[in-house]
Amino acid sequence: MNTPKNDEPGPTRYPLDAFPHARALGLRLEPQKDGGLHVRVPYDERLIGDPATGVIHGGVVTTLLDTGCGIAAMLKMGGKAGVATLDLRIDYMRPSKPGKAILGACECYRLTRSVAFCRGVAYDSDPDDPVATAAGAFMITPLGGRE
Amino acid sequence: MTGAATQEEKARRDAALERLTLTSPYHRFIGVSFVRMGDELTARLAYSEHLIGNPLIPALHGGVTGALLEITAIMQLAWDELWRGMEAGGAEAAAIHAGRLPKLPKTIDLTIDYLRSGRPRDAYARATVQKAGRRVANVRVEAWQDSRDRPIAAAHGHFLMQNAG
């Protein structure tokens, strides 16, 4: 189910199977040469928004970028704290290509005592030709729960 | 209109709403449906274990809450177009009842504020069209669970209309 035939092979990927919705979408972490992590969602017909175009629903892109930004913030804190999304703005540049996986490249560019500021890009082949961009603020929480 | 004719028209409008809702496989994947009172829609996200983001809390995934808000905004805009067509009657209404649906609006941007964590139970959402322009619409939308005045999330966004005349 997580390896649709249209999905091209890639480097070693780590599933997020401890998280039910990430597992349902088939989300994987894809390590990058520069040490970063991209989040990937495989193309899946169940996730199509508009069958007239075959394009994946924007809600999946939101989930991908929310997940990627949250993970970027937690990695920056060395895994010692959790995060809860305060807000997230998504800008849609173009539809993703039917049949292609969507990847999220996210970074936490500023960490304060209480808040992590993150941004991310969703793309299907080239991060410089994004499907969507996101910017969000995340509340830092004790591991495993919300304050 | 006679009582029977009114009931028949209501059934046809409910059928049009159901066709519009079921158009998107993703609506079925996360379990969103709509109830309507006249032209006003309320989305219902039926709780399911696979919607959980963090199982330790447990809370709905923020992306699912965001998706619920986006779906509700798009559906309200599409339903408003359908409603105008059905109210217009004649050939336009006949085409809708024969199964022709308007092209869905496309999201330009969406800003989501998360207000409370979503609990593992059903969630609801309602959208208000702030401005319905010919090409672009501005929509506000709120999601809640137990109590309408304790929203779990709110969003506003711009949407590109696909059926501009």
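Side-chain atoms are counted along with the backbone in the values below, which use heavy atoms only and exclude waters and symmetry mates. Order of the sequence lines fixes the chain letters, A, B, ..., with proteins taken first and strands second; residue numbering starts at 1 for each chain.
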Colleague: Under 4.5 Å from any heavy atom of chain B, what part of A:Val60 do you find: side chain, backbone, both or neither?
Modeller: both

Colleague: Heavy-atom distances under 4.5 Å only: say whether B:His158 touches chain A with side chain, backbone, both or neither.
Modeller: neither

Colleague: Report yes or no: does B:Asn138 contribute a side-chain atom to a donor-acceptor pair with the main-chain N or O of B:Lys131 at less than 3.5 Å?
Modeller: no

Colleague: Ring centres under 6.0 Å, that's the criterion: do B:His50 and B:Phe29 meet it?
Modeller: yes

Colleague: Go through A:Thr62, A:Leu47, A:Leu16 and name the one with the most non-hydrogen pairs under 4.5 angstrom from chain B.
Modeller: A:Leu47

Colleague: Would you find a donor on one side and an acceptor on the other, under 3.5 Å apart, between the side chain of A:Gln32 and the backbone of A:Glu30?
Modeller: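 Between the backbone of A:Glu30 and the side chain of A:Gln32 there is a qualifying donor-acceptor contact (under 3.5 Å).
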
Colleague: Do you know the tightest heavy-atom contact between A:Leu64 and A:Gly104?
Modeller: CD2-N, 3.7 Å

Colleague: With a 4.5 angstrom heavy-atom cut-off, is it the side chain or the backbone of B:Ile108 that approaches chain A, or both, or neither?
Modeller: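 The answer is the backbone of B:Ile108.
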
Colleague: Under a 4.5 Å heavy-atom cut-off, does chain B meet the side chain of A:Ala135, its backbone, both or neither?
Modeller: neither

Colleague: State whether the side chain of B:Gln145 and the backbone N or O of B:Arg121 hold a donor-acceptor pair below 3.5 Å, judged by distance alone.
Modeller: yes

Colleague: Both conditions, 6.0 Å and 45 degrees, for the charged tip of B:Arg148 above the ring of B:Tyr124: are they met here?
Modeller: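 Output no; distance or angle outside limits.
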
Colleague: Among A:Leu65, A:Asp91, A:Leu88, A:Asp66, which residue has the highest count of heavy-atom pairs closer than 4.5 Å to chain B?
Modeller: A:Leu88

Colleague: Taking a hydrophobic cluster as the set of Ile, Leu, Val, Met, Phe, Trp and Tyr residues connected by side-chain heavy atoms closer than 4.5 Å, whether directly or through intermediates, do A:Val115 and A:Tyr109 fall within one such cluster?
Modeller: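 Both belong to a single hydrophobic cluster.
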
Colleague: Mind ranking B:Ala67, B:Gly62, B:Pro55 by heavy-atom pairs under 4.5 Å with chain A and telling me who comes out on top?
Modeller: B:Pro55

Colleague: Could you have a look at B:Leu51, B:Ile30, B:Leu69 and say which one has the most heavy-atom pairs with chain A under 4.5 angstrom?
Modeller: B:Leu51

Colleague: Considering only heavy atoms and a distance below 4.5 Å, find which of A:Asp50, A:Ile56, A:Val55 pairs most often with chain B.
Modeller: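 Ranked by contacts with chain B, first place is A:Asp50.
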
